[in-house]
Protein chains: 2
Amino acid sequence: MTFGEYIREIREEKQLLLREVASQMNIDTALLSKIERGTRLARKEQAEALAKALKQNKSELLQYWLADKIVYMLKEEKNITEILKIVEQKINRLSKK
Amino acid sequence: MTFGEYIREIREEKQLLLREVASQMNIDTALLSKIERGTRLARKEQAEALAKALKQNKSELLQYWLADKIVYMLKEEKNITEILKIVEQKINRLSKK
DNA sequence: TTTTGACTTGTCAATATTTGTCTAATGTAA
DNA sequence: TTACATTAGACAAATATTGACAAGTCAAAA
């Protein structure tokens, strides 16, 4: 599930309208629609505003948001697993220092 | 080791000058210097050109380059491991489809 | 069928970011 | 000092991102 699908699901569970949530976020309804549908990426501040508007745990939602951005970077790649392994190695080395 | 450190190491092993490699890549020496020092990110085409100029396996170097970009995105985060887990889950779900 | 309301789409200007180069500075070995 | 390699800073140009608006679709209600 993408970030957009995820927040749409939550919004619908809570029976909120795009217009209501968007207004709380101070953005256009159209923009929120695009974010939910994945044709636009949310900015970090928007992800935060979403957490607030939807009463979700902020850092959790931000994690999900960032993970989504990474998936987006990787999605056309062939050896994703290999790349993620390299990432983990690099991270591990960083954290040791 | 970052992407920049890595290619610098290879360049020095081969005793090539920044100017020589940069010229093969059709970029300014200063830019290559910055890429090696990590103050600028290489673009994909530049990573490819580097592979050629340094006679490295292109897709391998590109993997390294992309991994580096992801590390760069993550480096300020707190729960990197958690985020990477989410990424893997998402990837796994994607590949099943 | 017409209207209404929710959502979506396309487009555009404004803004922000990235990019590459130039020049000047710094480092260094002869 | 000189010569050459590298680096730093500043800048304009190129690109990308952003948010809003207006017009569109769609479904349910009137």
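A note on names: the letters A, B, ... follow the listed sequences, proteins ahead of strands, and every chain is numbered from 1. Basis for what follows: all heavy atoms, side chains included, without hydrogens, waters or symmetry-related copies.
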### Integer-rounded Å distance: dT19(C) C1' and L41(B) CG
12 Å
### Message
Output the rounded distance in Å from CG (L16(B)) to C1' (dT6(D)).
### Response
15 Å
### Query
On a plain distance test, is the side chain of K34(A) in donor-acceptor contact with the base of dG19(D) below 3.5 Å?
no
### Query
Are side-chain heavy atoms of M73(B) and K69(B) found at a separation under 4.5 Å?
no
### L31(A) CG to dT8(C) C1', straight-line distance once rounded to whole Å
12 Å
### Summary
When rounded to whole Å, the CG to C1' distance for the pair L17(B) and dA3(D) reads 13 Å
#### Entry: Between C1' of dT18(D) and CG of N26(A), the distance in whole Å
15 Å
### Query
Are W65(A) and L41(A) side-chain neighbours, meaning at least one heavy-atom pair lies under 4.5 Å?
no
### Message
Tell me the interatomic distance from Q15(A), atom CD, to dC7(C), atom C1', rounded to whole angstroms.
### Response
17 Å
### Message
At less than 4.0 Å, is any side-chain N or O atom of R37(A) found next to OP1 or OP2 of dC7(C)? Yes or no.
### Response
no
### Task
Provide, to the nearest angstrom, the distance between the CG atom belonging to D28(A) and the P atom belonging to dG24(D).
17 Å
### Side-chain donor or acceptor of R11(A) paired with backbone N/O of L16(A) under 3.5 Å
yes
### Task
Under 4.0 Å between any heavy atoms, over every strand shown, what does Q46(A) touch: base, sugar-phosphate, or nothing? Just pick one.
sugar-phosphate
## Note on the structure
Side-chain atoms of A30(A) come closest, of dT7(D), dT8(C), dT21(C), to dT8(C)
### Query
Relative to the 5' end of DNA chain D, which residue comes earlier, R8(B) or R40(B), by the nucleotide with the nearest heavy atom?
R8(B)
#### Entry: Between dA16(D) (C1') and R43(A) (CZ): distance, integer Å
13 Å
